[in-house]
There are 2 protein chains.
Amino acid sequence: MRAGEEAEAVAPAEADRTKSTRRRMTSSTGRPRSEEAHQAILDATLALLGEVGYSALTVEGVAQRAGVGKATIYRRWSSKLPLVVEAFSALPGFEDVDAGSLEHDLKETLRKYLEAFNSTALGTVFPSLAGERAHNPELSKLIEPVARARREPFVRIFERARARGEISSDVDIDLAADLVVGPISVTLFFRGGSLSPRMVDPLVDLALKGILKRG
Amino acid sequence: MRAGEEAEAVAPAEADRTKSTRRRMTSSTGRPRSEEAHQAILDATLALLGEVGYSALTVEGVAQRAGVGKATIYRRWSSKLPLVVEAFSALPGFEDVDAGSLEHDLKETLRKYLEAFNSTALGTVFPSLAGERAHNPELSKLIEPVARARREPFVRIFERARARGEISSDVDIDLAADLVVGPISVTLFFRGGSLSPRMVDPLVDLALKGILKRG
DNA sequence: GGATTACGATACAGTACGTTCCGTAATCAA
DNA sequence: TTGATTACGGAACGTACTGTATCGTAATCC
């Protein structure tokens with residue numbers, strides 16, 4: 001461990017170099033950290049994450065893309081792991097829509113979510129991270145609470161619908177949520193792109209009414 | 001291009017080193033290629049693909065895992081790309097079940113498919129490849145026809161059901177298929193493992209009957 | 001204005017990869 | 001049986017790239 005001097009400059013409780021985000025010890029003196037560089041680093045991280053994936057993502061690549069020195073990154077994040085987690089956490093999740101109708105709320109939330117997929121790095125970052133999670137327990141552990149929080153407003157829509165009596169009480173809420181999001185997941189992972197908000201209406205209609213012809 | 005001598009030993013039509021699988025020119029003389037080594041290489045590829053992912057997969061790692069020399073691999077595949085494609089192609093896909101009932105056929109096919117997920121490398125390989133496809137057009141292009149062929153028997157179940165009148169003619173078959181497979185995709189990519197065949201019945205029931213309470 | 005910290009750039013050491021070569025083993029033709 | 005040919009596992013070589021450490025400069029506080 002030859003990085004003693006640097007390591008002593010981070011908060012002791014976060015000395016684990018594989019997980020922590022670094023902070024300044026004394027905050028009132030010296031040149032302040034550049035907020036522009038900070039944001040540029042996070043933006044570059046998301047862009048590269050979508051372009052080359054997590055494994056091929058390197059701190060050097062992020063530094064070049066962001067136009068900063070590598071030291072500027074290592075001064076804030078101990079490795080690419082916490083850097084990626086923080087960058088991902090800043091991406092938008094589901095919005096909590098509550099207009100009193102399951103069908104309406106689902107369509108509204110999903111439409112906005114798919115628009116976010118097309119207008120942010122979400123659409124490219126998501127598959128990369130999901131694929132990496134499968135064989136990276138450390139990343140999986142750190143991403144899981146973030147992913148769960150992003151999903152929560154969506155699940156809440158179903159809970160309210162069940163409270164209103166729109167859904168039978170013996171229906172598994174999580175399964176129902178997976179059923180609605182499922183086709184988006186399939187489209188995202190098994191075909192490339194084409195996540196148009198126009199797919200929302202037929203998707204929600206089919207999930208709510210069922211595949212079988214009603215008799 | 002310093003590999004002139006080697007390159008001349010492959011079929012001319014497959015000289016593109018990034019995509020082709022190599023073949024012997026003269027097949028009747030000399031020591032024959034080891035079928036054991038061939039299979040060991042494919043097995044090692046699948047195992048490592050699940051453990052470290054596509055980006056971190058190296059020919060050197062495959063050679064060590066398979067207990068063969070690196071030259072033995074390069075003699076057959078020009079790079080890890082065609083190696084991975086061939087290894088993936090050998091994994092089981094959906095079985096075509098036809099017992100005359102949509103509900104029965106779906107449950108039967110999915111149960112067998114999920115069993116394959118748990119008993120083969122499928123469960124770990126799939127997320128890795130899907131994540132890589134998002135930012136690797138070359139891999140995506142080669143995997144796509146394989147993935148489509150694997151999915152086809154599943155779609156055919158829906159087509160037969162529509163011909164029997166179980167499904168309304170205005171239902172999008174592909175969307176219906178995505179709806180049924182969707183929760184499996186979500187479970188696989190967003191949570192780890194836990195792909196029990198026990199989830200099949202409630203999943204199919206909900207997808208066929210719909211989330212909304214019938215009235 | 002002196003001390004302190006952050007900045008971008010760069011030099012360095014270590015790792016790891018793909019490629020190639022080696023001696024040996026297995027098969028076919030004569 | 002012998003010679004020619006190809007495949008085999010193992011290892012050496014050169015290269016590319018990464019994380020770390022260092023340097024001179026810039027910005028802020030006391």
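Please read all numbers here as calculations on a predicted model, not as lab measurements. Letters A, B, ... mirror the listed sequences (proteins, then strands); counts begin at 1.
- With sequence neighbours left out, A:Tyr54 forms a ring-ring contact (aromatic ring centres under 6.0 Å, His included) with no residue at all.
- Judged as a side chain to side chain contact (heavy atoms under 4.5 Å, CB included), and not counting sequence neighbours, the contacts of A:Thr124 are A:Ala121.
- With sequence neighbours left out, A:Glu115 forms a side chain to side chain contact (heavy atoms under 4.5 Å, CB included) with A:Pro197.
- Taking atom NZ of residue B:Lys80 and atom P of nucleotide C:dA16, one finds them 15 Å apart after rounding to whole Å.
- Near DNA chain C, meaning a heavy atom under 4.0 Å away, the residues from residues 40-65 of chain B are B:Thr58, B:Val59, B:Glu60.
- When the local axes at the two ends of the helix from C:dG1-D:dC30 to C:dA30-D:dT1 are compared, using 5 base pairs at each end, they differ in direction by 10° after rounding to 10°.
- Every residue meeting the side chain to side chain contact (heavy atoms under 4.5 Å, CB included) condition with A:Val68, not counting sequence neighbours, appears here in chain and number order: A:Ala37, A:Ile41, A:Ala63, A:Ala66, A:Thr72, A:Ile73.
- Residues forming a side chain to side chain contact (heavy atoms under 4.5 Å, CB included) with A:Ala161 (at least two apart in sequence, or on another chain): A:Leu102, A:Arg164, A:Glu166, A:Ile167.
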Can you tabulate the close N/O pairs, meaning under 3.5 Å, that link protein atoms to atoms of nucleotides 7-9 of chain C?
unit_1: C:dC7; atom_1: OP1; unit_2: A:Ser34; atom_2: N; d: 2.8
unit_1: C:dC7; atom_1: OP1; unit_2: A:Arg76; atom_2: NH2; d: 2.2
unit_1: C:dC7; atom_1: OP2; unit_2: A:Arg75; atom_2: NH1; d: 2.9
unit_1: C:dC7; atom_1: OP2; unit_2: A:Arg76; atom_2: NH2; d: 3.2
unit_1: C:dG8; atom_1: OP2; unit_2: A:Gly69; atom_2: N; d: 3.4
unit_1: C:dG8; atom_1: OP2; unit_2: A:Thr72; atom_2: OG1; d: 2.5

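- Taking B:Glu36 as the reference, B:Ser34 meet the side-chain hydrogen bond (donor to acceptor under 3.5 Å, both in side chains) condition, with sequence neighbours excluded.
- The backbone N or O of B:Leu57 sits less than 3.5 Å from a side-chain atom of B:Lys80, completing a donor-acceptor pair.
- Shown here are the side-chain hydrogen bond (donor to acceptor under 3.5 Å, both in side chains) partners of B:Ser185, two or more places apart in sequence or in another chain: A:Ser185.
- Taking the side-chain hydrogen bond (donor to acceptor under 3.5 Å, both in side chains) definition, one finds that A:Gln39 meets it with A:Asp43, sequence neighbours left out.
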For residues 171-181 of chain B, please give each side-chain donor-acceptor pair under 3.5 Å, one per line with the distance, not counting sequence neighbours.
unit_1: B:Asp172; atom_1: OD1; unit_2: B:Asp174; atom_2: N; d: 3.0
unit_1: B:Asp172; atom_1: OD1; unit_2: B:Leu175; atom_2: N; d: 3.3
unit_1: B:Asp178; atom_1: OD1; unit_2: A:Arg191; atom_2: NH2; d: 3.0
unit_1: B:Asp178; atom_1: OD1; unit_2: B:Arg151; atom_2: NH1; d: 3.1
unit_1: B:Asp178; atom_1: OD1; unit_2: B:Arg151; atom_2: NH2; d: 2.9
unit_1: B:Asp178; atom_1: OD2; unit_2: A:Arg191; atom_2: NH2; d: 2.6

